Structure formats: C-alpha cells, structure tokens
2 protein chains.
Amino acid sequence: MSQIPLDSLDRKILDVLQADGRASNVDISAKVHLSAPQCFRRVRSLEDRGVIRSYRAQVQPESLGLGAMAYVSLNIDGGQFGRVREIEASIRDFPQILECHTVSGDYDYLLKVVARDLKSLSQFLTDQLMQVPGVDDVRSMICMEEVKAAAPLPVDLGP
Amino acid sequence: MSQIPLDSLDRKILDVLQADGRASNVDISAKVHLSAPQCFRRVRSLEDRGVIRSYRAQVQPESLGLGAMAYVSLNIDGGQFGRVREIEASIRDFPQILECHTVSGDYDYLLKVVARDLKSLSQFLTDQLMQVPGVDDVRSMICMEEVKAAAPLPVDLGP
DNA sequence: ACTGAAATCGCGTCAAC
DNA sequence: GTTGACGCGATTTCAGT
C-alpha cells in the first residue's frame, strides 16, 4: 500500500490500463508521452505497490448462461452475532456471490449475485443463502436494465 | 453475440483470463492443454463474439484517493417519467457513478458510487445527484467492510 | 477442414551509457 | 533518462492428417 501519492503520469497510465488491460508497453508509453523503459518502470511500480491489484478479462455474463443478476440485502439474526465471521466465510464460498459489503442503513450486508435465470436465483436464495445459520431477512432487488456498467475508477476526481 | 454455446475449453480459457487478464497465449495454452495457435484462435473468437468484453486493470480505489464507496438507491419523481432517458444520461456522465441498474422492488435505480471521503460523497449526492431534475428519494448505503470483492464470474454454474 | 509445426517479426526487458 | 541489444512470445503460413 503506497503512501507515495500518484502523479499525473501515473494516473494517465492507470487510465490507459483501465481502458485496455492488455495495452502493450509501447502503446502506453506513446499515450502518456514517456519512453518505453520509463513507462515500464512506472507500470511495474504501480503493480508492486498494489495500486494495480490485478488484470482481468471482462466476460459477458449472458454468454456463460448467467441471465439473472440481483442485489441482495441481508441481516444477521440478532442472536447469532457470534457467528458473523463464519457467515462471511460462507458468503465468500458461494461462486454466485460476486461482491459483498457490509453497509450502513437498514441492512447489514449487500451482495451482488448472479444466476442462470430468475428461477435458479430464487432457488439459490431460498435453498442455499437462507439456509446459512444466522442469515436473516433476505431481500432481493433484481437487476433489470443495465444503465451504466462497470465504469473504470475516475483517476482524478477534483478535490 | 454468440448463440454458439461455449464448450469446456472455452470456459477454461475464460477462467484463466478472468484470473489473469495479461496471461500470455502460451500460458493459457499450457493451462488448457491446447496448442498455441489453437488457443489463440479460440481467444480471438471469444473476443470477436463479444464473450470477452474487454480487459481491464483492477485499480485499488484508495490509491486514487477514493476512500468512500456507497450503494445509492433512487427513485424517479412520478411527474417526471418522461425525462427518464435524460436522467439516465446524467447518471452515465457522472464519473463518480461506477454502476447503475434499474431494479425491482422499492427503488427504481441502484447505483454504485465512489468519492474521496464521506464528506465529498455527501456533497456529491446533495449538490449533484439530487439536483438532477426528476431525481427523488436518494438513499445511500455506505460501504464499510469489503467482505468479498469483485469475484470473477463462475464459468460453470451447475444447471 | 482442421490441427500442429516452423518461421518471422515485433515487443518486452534489461544493461550500459 | 535514453539508446541499443537480446530473447521470448505473438501471429501467420504451410504441410500433413
């Protein structure tokens, strides 16, 4: 985790690599107006410092037969707070659950879930997620239209 | 968009490229037990068919000074349904908004938002998002702990 | 026709200036 | 910080099945 703040060249590099994670080093160096070895050193430094966590192919869910997506909120049964870490481990183990955060507000957790279709989504929630001891009050918000999808992080949000 | 269903080799390739978007062709071919040209042809076909949407570097938000994240729900003011597409365009234009779906349930839209800190998140919601004509009932769920982060899509969820 | 082998060409990468 | 060199990998062509 870098304490070193990122300068504008680092940010440009991140911008390029968020737009195209397979951009070649010469591509990046051209776009940020840097020599190739310079650029290479910066990219590696960004990787080493953990600024770049990983590179990932973005796969279209439908092509994998994943036609349903939902945000699911859940609470922990008040009597089961001692089991919180176990519940979280269960959540991590379900491949259908893509993301999970604890959140402020009315719910304890918010999850992003995919499934083949609405039926199998419902089955997953009922037969698997709700069966985890301590899980309570499962509510789902089915995703209908994708208005904005997985935008890259803004590299220079004004102060 | 392919009607052609993906076979198990395609799925393995997607698995590898979701885990490492910069995996070299020879790496992939070794892992899926395919000759390099074969593997290459399949990867390109997956790209051409839109199965692989893009490649992306995953950047740690904190290193960009983005210390706050929230899921934000909002409704459209009943009198302003005619402006829905304009509102959606506004949503797409905010770089702080990373994702947006229309959802079933109590809310019309669910957004994923990042900001420098809680203060600037609150400012963004109040001074920008709530100012969009037609936007109503903005509620935020601040992300606290990240229990599971951006898992790759499961390539073979049982039927 | 489809697969794998070989050949080329460009890029990533390092070392020296 | 830049230039140059080396070696590997991506990509195409071709021959064999």
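All values derive from a computational prediction rather than experimental measurement. We name chains A, B, ... by the order of the sequence lines, and we start the count at 1 in each one.
What you find for A:Q131 and A:D127 is that their closest heavy atoms are CG-O, 2.9 Å.
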Steps toward side chain to side chain contact (heavy atoms under 4.5 Å, CB included) verdict (B:F124, B:I97): CA-CA 10 Å; B:F124 168 70; B:I97 300 179; 3.9 Å; yes
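As judged by a 4.0 angstrom heavy-atom cut-off over every strand, B:Q38 is placed among residues touching the sugar-phosphate backbone only.
Salt bridge absent: A:R42 and A:E47 never bring a charged side-chain N and a carboxylate O closer than 4.0 Å.
Using a 4.5 Å cut-off on side-chain heavy atoms (C-beta onward), A:L46 and A:R49 make contact. A:K119 is not listed as a side-chain neighbour of A:S122, based on a closest heavy-atom distance of 4.5 Å or more. Residues B:V72 and B:L125 meet the side-chain proximity criterion, which asks for heavy atoms closer than 4.5 Å. A:F40 places none of its side-chain heavy atoms less than 4.5 Å from the side chain of A:L34.
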N/O contacts under 3.5 Å, protein versus nucleotides 11-17 of chain D?
{"from": "D:dT12", "atom 1": "OP2", "to": "B:R44", "atom 2": "NH1", "distance (Å)": "3.3"}

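Rounded to whole Å, the distance from CZ on B:R42 to P on D:dA10 is 18 Å. Between A:L9 atom CG and D:dG1 atom P there is a gap of 10 Å when expressed in whole angstrom units.
Comparing B:L34 and A:V26 against DNA chain C, the residue whose closest nucleotide sits nearer the 5' end is B:L34.
Scanning DNA chain C 5' to 3' for nucleotides with an atom closer than 4.0 angstrom to a non-hydrogen atom of chain A gives a first and last hit of C:dC11 to C:dC14.
Taking 4.0 angstrom as the limit, B:S24 places a side-chain polar atom (N or O) nearer than this to OP1 or OP2 of D:dA10. Listed pair A:S35 / D:dT2 meets the phosphate criterion, a side-chain N or O lying under 4.0 Å from OP1 or OP2.
A donor-acceptor pair shorter than 3.5 Å cannot be found between the side chains of A:Q18 and B:Y55.
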